[in-house]
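Below: the structure, in structure tokens.
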Amino acid sequence: MVRKRDEVPEEEDQEMEEELVSLQFDEPLSWRAGKPINTGELLRRLEKLSQELVDMDQDTVDKDSLTKVAKELASHNLLAHKEGGVKAYAASCLVDILKLCAPDAPFTPTQLKDIFGLLVKVILPALWDPANAYNTQHKYVLTSLAEVKSILLINELSNAEDLLLHLFSSFFDGISGSSMSSSGEQVAKDVEFHMTDILVTLIDEGPNLPPSVLDVIMAQFLRAAPPGGSRNKSDLNGSQTTLLPKEEPEAYVMAKTVCNTCPEKMARYVSQYFSDVIMDITGKDQTNGHKDEADSDDDDAPSGPSESDFKELRKAHQLLRELWRAAPTVLQNVVPQVDAELQADNIQLRLLATETLGDMISGIGAAGPPPRPALDPAAYPALRLSDEPPEHPDSSILTTPISPLSFAQTHSQAFHNFATRRNDKSPLIRAAWTSAVGYIVSTSAGGIGLSREDESTLIAGLRDKLNDSDEKVRLAAVKAIEVFSFRDIVTKLAATGGVDKADSVLSTLADRCRDKRPPVRVEAMVLLGKLWAVAAGELLADQEAVTSALSSIPTRIFNTFYANDPELNILLERVAFECLVPLSFPPQKAKTKSSNGNSQSQTTNDSPYDPDKIRAERILLLVRSLDEKAKRAFFALQTRQPQFSRVLENFVRQCEAYNGGVPERGGETTKQNLKKTVQYICTFFPDSVKTETDLHNFATLNDRRSYNLIKFVVSLESDFKTMYRAVKEFNKRILDTSKPHVLDTLVPLLYRSAYIMFSKSHLSTFIDYSKNDKDKLGVAAQQITTEISQHIPDLFKTHIGELCKDLVAGAPTTNRENDTGLVETLKACSSYSRKYPEELAQDKKFTQALISYALYGQPAKAAKYAVNIMMARKDDKSFVTATELLQRVRKDWGYDSPHFLNKLAAVSQLELLASKVTADANDEIVEMALENVLRKVRTDAQGSDPEWVDDADLDEECQLKCWALKLIVNRLCGIQDVDEAKKLTPTVFKLLRTLVNNEGELCKTKVTPNHHKARLRLRAGQLTLKLCTSKRFEELFSHADFNRLAMLTLDPVAKVRHLFIEKLQKYLVNNKLRPRFYTMIFLTAFEPVGDVKQQIETWIRSRARSFRESKQTVMEATMGRLLSLLAHHPDYSADAKDLMDHARYLIYYISNVANEQNFGMIFRYAERVKQTRDGIDPAKSENLYVLSDLAQAILRKWQERKNWSFQAYGGRIGLPLGLYSTLPNHEAAQEIASKQFLPEGADELLDDLLKSVDKKKKRKSMDERAEGDHAQKKARTAHSRTVAKSKSAAKPTKSASVKKTAVKKKAPARSRKTASSSPGPDSADRRRSGRSKRNSTYVERDSSEDDEDMLEGVARWEYYDSDGNPVKNDDEDEDDESSLSEIEDEPEAESEVEPMDEDPRKTEAIKESELNDPGDEDPDEPEEEEDAAPPKANGRRGRSATARAAPKADSPIKFAIKASVMKGKAAASNKANSKATSSRVTRGRKPVGDHEIGENSD
């Protein structure tokens, strides 16, 4: 059975063999030469043959029957026929025969070569024209080759490489250019599919792939590169990206498919491909040593790859980037080669490898990174966190980061090595790494994702690079953050903390706003400004994540105002007006958007589109986001605009008169006036040369339309829309001129002069919000309205009536409290009444409302504002109202009476403004304030009492005591009679002195709570300063009291110290206190709060620079006063170790004041002290000599450490007579001069102290100090210890007759900036005692005459000019560089750390650390009014210098000089000679009561 069954198949096989189908076609297809077959006939025969072959099956065909036809089809006649149809049908028949005869082709090698030549070079390329008449036959050939895989026969040909190269090139080129065919038809997808299949077959089943073919495949990936092949990231954000296709090119897709379908083989080929390029080039790096991760060297190898080599290498790396996006599996053997480049010695190799790996990790290909997200600060409605980011118009699939695999997981070692490049010593590589990290994190590693650890590590690295020592790295870090979208910044970068959290990425970015390198700070501040503006909608909606991340941005931006950098101030203004609240915000037509929110973030059909309201809301949000310090800077920028507008208007008038260089009249005078005006404006800009050139160029243009546009911009009457249109037209007109660069100067000048934030268009919105606190903007609105009322009251003219009605409607009664918001309205009206008292309502209702606020208003300061308004007109009606108020107060005048706090506050203000009204009741009032309030303690002291309580939590008893103390001082200030005031002054000073000396204690029978005592001694110190702002009181303030008051800067309670110092700074910067009060500031050397100390140091340096630029030696003369203050310090000890504490004070002074130019003068003051004796307590004279030697020793060591050249000061100096007195004779002077008073061992201790200071002075962040030397990149070698020079060697003694005056040392226009090297003691060493109970009774005055008197006696010198001639000058008053007369008579130069560019007596000073006490003196308190002066020079060149060069009546800057100042200077000039002869005989020896400040402050 089995055998029979086996025989059946054999029979069937025989039957099948017998049934083989033979080819029936028997017509000839070839011909002899000269007798060709007609083309039509030939086509018919070929078509017939083709149809028969198609129907045959490979298994049943008789292959022998195909031999003849195969031979004829392979003949040259057919393969080279001129008719395309013939070749098309012949090719169809040929591929069928190859299919039927497979696997053995019935052709000779030569015939196969010709056949595939036809197929590859003719038939397949014809597919790119789908409209071809024989396209069907072409597609049939393609399909057959792909399905049968007969294309593999090409590998057996002798010219296989050429054919393969042609085939691959034809396919890639053809598919990419098929859309450009003449017919315009696209190649069918099945054609593209079969072509790809053929290429895959050739690679996957072929023996090998020729290098030339691989080159063609690799080249397809570079089709993703932008036109021109450039891959500079900075260029890709321009117009070039618009040329990129929106989809991947077809050839690119085909090559990607080929690589992904044959990963193993392609991986080998690609590995060899890159090995040939990378290894050949990197092998030329002769050092070829592997470096440690962080030990790369910045120096290139002695020799290495050439520029052409690097060009090829860059091309290879560009290909690598795209291959990772398209087919990462083919790079498994290539990534280690790139990783090896990270360890190369050659910087360019490491740089290229770092960039490449960074792009590969983030999925960025040859087309470059994606376009940066658009952060449009003027967009409206504002972007919401939940919104999908809008697609960038230049986006392309080729620039979309794509990473098919996780690089960190696939190549973990390479990823780790890449991460270590953050510490590369080359800044180029650190910068490249930083840029790469930005894209890696922002794209989530090409969309594949990062682990939490990897992401946090990279973000921490980005943060560290923001603090890098090299500016290129810091700039790269800032730009790396720019690639993050709004959502990514909030969710990724802010995940570890927002702007207000130290050491977070955003906080560190905000630090870069003060970077000393302009490119870094510009990028950082602009980015932050845009971020906040984009987030404004979410901030207004109080979105938690956005608020915690970005709400503090405006504070950080506006705090840069205190950096003392004019360039930074200009940048701040541009960011404020172009980013935070852009001039173009909101756009004229905003899109409507239905979402829950408010008008800041949406526009609904219910609320009409009101651009002014929307803009005002943005301004309110900005102010709400600021802290107190930043608010002062913000308001300073706005409130100085009236002064700058007058400056600019004057400049325009001068330009009109100048008439383009051809004045119509007064030619030379007009030119000089313009020149002086331009020079004055230059004082407000960092580059005075460029500013002067730009302004003169603008004047030369003589564009009258531009002049009118400027007038529109700066006019108070212009609404915002008019102003904005004028600015736009002005910019356009200037850009169209031949000198568009003048906008660099004119735009900042316009920003400073225009009413941009405080526009009349916004005021109604501000007032509305101040009433209802909508969106929590009420407080900000109240603050803005108050500022406007104080500094730009003209804006209120149209709204003051409405405000008065609101006050009347909301007036409190005995049973009803007022709205707290009305107190700010009351304050605004109080400020307005000072300038326009007649414009306020005068009816009985309003008057009674004011009385109600005075009696019942809450908080109690409402009474103060009400009395201010009540007394503004100072007419009979005002005094009648004040009398009525006083009568109602006295009806129930007792401590336990209702609303006693209001009554006390009202009476306090009446004592100041209406002293005649209170005169009859003064005894009763003062007795109540002193006996029943100040000298009684009703709150029991507890051991748990806090040292300080904030204003909001302050109990009523303490508030009453503060108001009572102010009442006593106001009573003194309100007295008009000079003799009466002089009689009462010692009593008031005694009261204040007692509070300071007794640490705030007045009661003798009961202990006052600690927080009451702290508040009272602070208030006593502040009120003492206030009294000293008046000449008639300051002259009675003794030196002993001065020294005791100075100890408040060392108070153990931080708030007492800080608020006292801030009040002191405020008065000093406003030029209200005499220069001796600068001495107190230098007792802050041991301030333990680092930020406060840094702010004070910044303030000191600013004032010192201001005085230097105005040619005043106030700070240098302070050395003499400081030594006296330290000699009477309660902690003074002559022990060498204890003296080191005093040495810290002196180092603090020297580090912030001394530079190479004024060093000689400071040294001279230190020497001069040793030629006197103590004027307060002669028994302490030796203290002065010890400190004099100590100061000289420190100065010598400081000079050596700074490598300054020492030039002895040749001018004459004096010391204050009240502090110092003359020595009895020449012998005593010689004995003191020759003796060294420093104790043994002090010199060595000084060396140790200075070394410790150097150690604590770590490398500062680039933004820490705007003024100072650049951070040192290398550790400074320790200075060798030096032995102090003897006095005789350091200072030769001269004996010569003294001349009347000395040559004043001429300081350069711009003194060289010096680095601050202040000591940084531990907080425990801040001070050893805070106060001393001892008080000296010596009350002699210190003045310019005192200084002159000190020039008599033992040390008289003769001075010579530069030519060696004796110098003579009859005007002795001009000699004293530390005199008060020069400081007071000339407007003081303002530095940028005090951001007030207005008259210092007209507006509050803004300074580095000022934090106003809410309960303290308010700016609307009546002061001595003066004419407004123009803005000050912001620390560049002081107004005093301008004042000296002020022109006469026709001067263009006549407005810059106060009338009172000019009169004072004239009076000084007339009196100088008469006073010079009598001062020594009479003034210094007058008793205190007869010594008038007016006599010695001419």
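Residue numbers count from 1 along this sequence. These figures come from a predicted structure and were not determined experimentally.
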side-chain contact (heavy atoms from CB on, under 4.5 Å) evaluation trace for Tyr724 with Ile756: CA-CA 9 Å; Tyr724 175 47; Ile756 299 176; over 6 Å; no
Lys771 atom NZ: more than 12 heavy-atom contacts under 6.0 Å: yes
Asp542, CG: over 12 other non-hydrogen atoms inside 6.0 angstrom: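 Count over threshold, so yes.
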Aromatic plane relationship, His762 with Phe720 - under 30° parallel, 30 to 60° tilted, over 60° perpendicular: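 Aromatic pair Phe720/His762 classed tilted.
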Stacked cation flag Lys629 on Tyr562, 6.0 angstrom / 45 deg: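 Yes, cation above the ring, under 6.0 Å and within 45°.
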Working for side-chain contact (heavy atoms from CB on, under 4.5 Å), residues Tyr755 and Ile792: CA-CA 10 Å; Tyr755 296 90; Ile792 319 176; 3.8 Å; yes
Rounded to the nearest 0.5 Å, how far apart are [atom1] of [X] and [atom2] of [Y]?
| X | Y | atom1 | atom2 | answer |
| --- | --- | --- | --- | --- |
| Arg624 | Glu617 | CZ | CD | 11.0 Å |
| Leu540 | Leu777 | CG | CG | 5.5 Å |
| Ser761 | Phe766 | OG | CZ | 10.0 Å |
| Ser552 | Leu528 | OG | CG | 11.0 Å |
| Tyr769 | Lys776 | OH | NZ | 14.0 Å |
| Ser485 | Leu383 | OG | CG | 9.0 Å |

Would you say that [X] contacts [Y] through its side chain, given a criterion of any heavy-atom pair below 4.5 Å between the two side chains?
| X | Y | result |
| --- | --- | --- |
| Arg422 | Thr457 | yes |
| Thr1084 | Lys1093 | no |
| Leu621 | Asp775 | no |
| Pro582 | Pro377 | yes |
| Glu787 | Phe758 | yes |
| Trp433 | Val473 | no |

Would you find a donor on one side and an acceptor on the other, under 3.5 Å apart, between the side chain of [X] and the backbone of [Y]?
| X | Y | answer |
| --- | --- | --- |
| Lys1055 | Trp948 | no |
| Arg615 | Pro586 | no |
| Glu538 | Arg384 | no |
| Lys613 | Thr765 | no |
| Ser753 | Leu750 | no |
| Ser551 | Ser548 | no |
| Ser504 | Asp500 | no |
| Asn818 | Gln858 | yes |

Short side-chain donor-acceptor distance under 3.5 Å, Glu1087 and His1058: yes
Residues Ser584 and Lys728: side-chain donor-acceptor under 3.5 angstrom: no
So which heavy atom on [X] is nearest to which on [Y], and how close?
| X | Y | result |
| --- | --- | --- |
| Ala510 | Val499 | CB-CG1, 4.0 Å |
| Thr555 | Asp627 | OG1-N, 3.0 Å |
| Pro373 | Phe484 | CG-O, 3.3 Å |
| Lys492 | Ser444 | NZ-OG, 2.9 Å |
| Thr786 | Glu824 | OG1-OE1, 3.2 Å |
| Val441 | Leu458 | CG2-CB, 3.9 Å |

Residues that Tyr751 engages under ring-ring contact (aromatic ring centres under 6.0 Å, His included), provided they are two or more places apart: Phe577
Partners passing ring-ring contact (aromatic ring centres under 6.0 Å, His included) against Phe558 (at least two apart in sequence or in another chain):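 ring-ring contact (aromatic ring centres under 6.0 Å, His included) list for Phe558, sorted by chain: Phe634.
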Set of residues satisfying salt bridge (Lys or Arg N to Asp or Glu O under 4.0 Å) with respect to Arg463, sequence neighbours excluded: none
Worked verdict on Lys472 versus Asp470 for salt bridge (Lys or Arg N to Asp or Glu O under 4.0 Å): CA-CA 6 Å; Lys472 293 188 292 292; Asp470 192 275; 3.4 Å; yes
List in chain and number order the residues that pass side chain to side chain donor-acceptor pair (under 3.5 Å) with [X], two or more places apart in sequence or in another chain; answer none if no residue qualifies.
| X | value |
| --- | --- |
| Thr491 | none |
| Glu573 | Arg640, Arg752 |
| Glu455 | none |
| Glu471 | none |

Summary of salt bridge (Lys or Arg N to Asp or Glu O under 4.0 Å) pairs that have at least one residue in residues 521-534, sequence neighbours excluded: Arg521-Asp565, Arg521-Glu567
Sequence neighbours excluded, which residues qualify as side-chain contact (heavy atoms from CB on, under 4.5 Å) partners of [X]?
| X | value |
| --- | --- |
| Thr560 | Cys513, Arg514, Met525, Leu568, Leu572 |
| Ala495 | none |
| Ala545 | Val490, Gln543 |
| Ala477 | Thr434, Leu462, Lys465, Leu466 |

Stepwise side-chain contact (heavy atoms from CB on, under 4.5 Å) test for Gln782 and Val823: CA-CA 9 Å; Gln782 292 167 2; Val823 178; over 6 Å; no
side-chain contact (heavy atoms from CB on, under 4.5 Å) between Leu622 and Arg618, worked out: CA-CA 6 Å; Leu622 174 65; Arg618 172 72 69 86; 5.8 Å; no
Partner of Asp468 by salt bridge (charged side-chain N to carboxylate O under 4.0 Å, His left out), out of Arg430, Arg517, Arg474: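 Passing option: Arg430.
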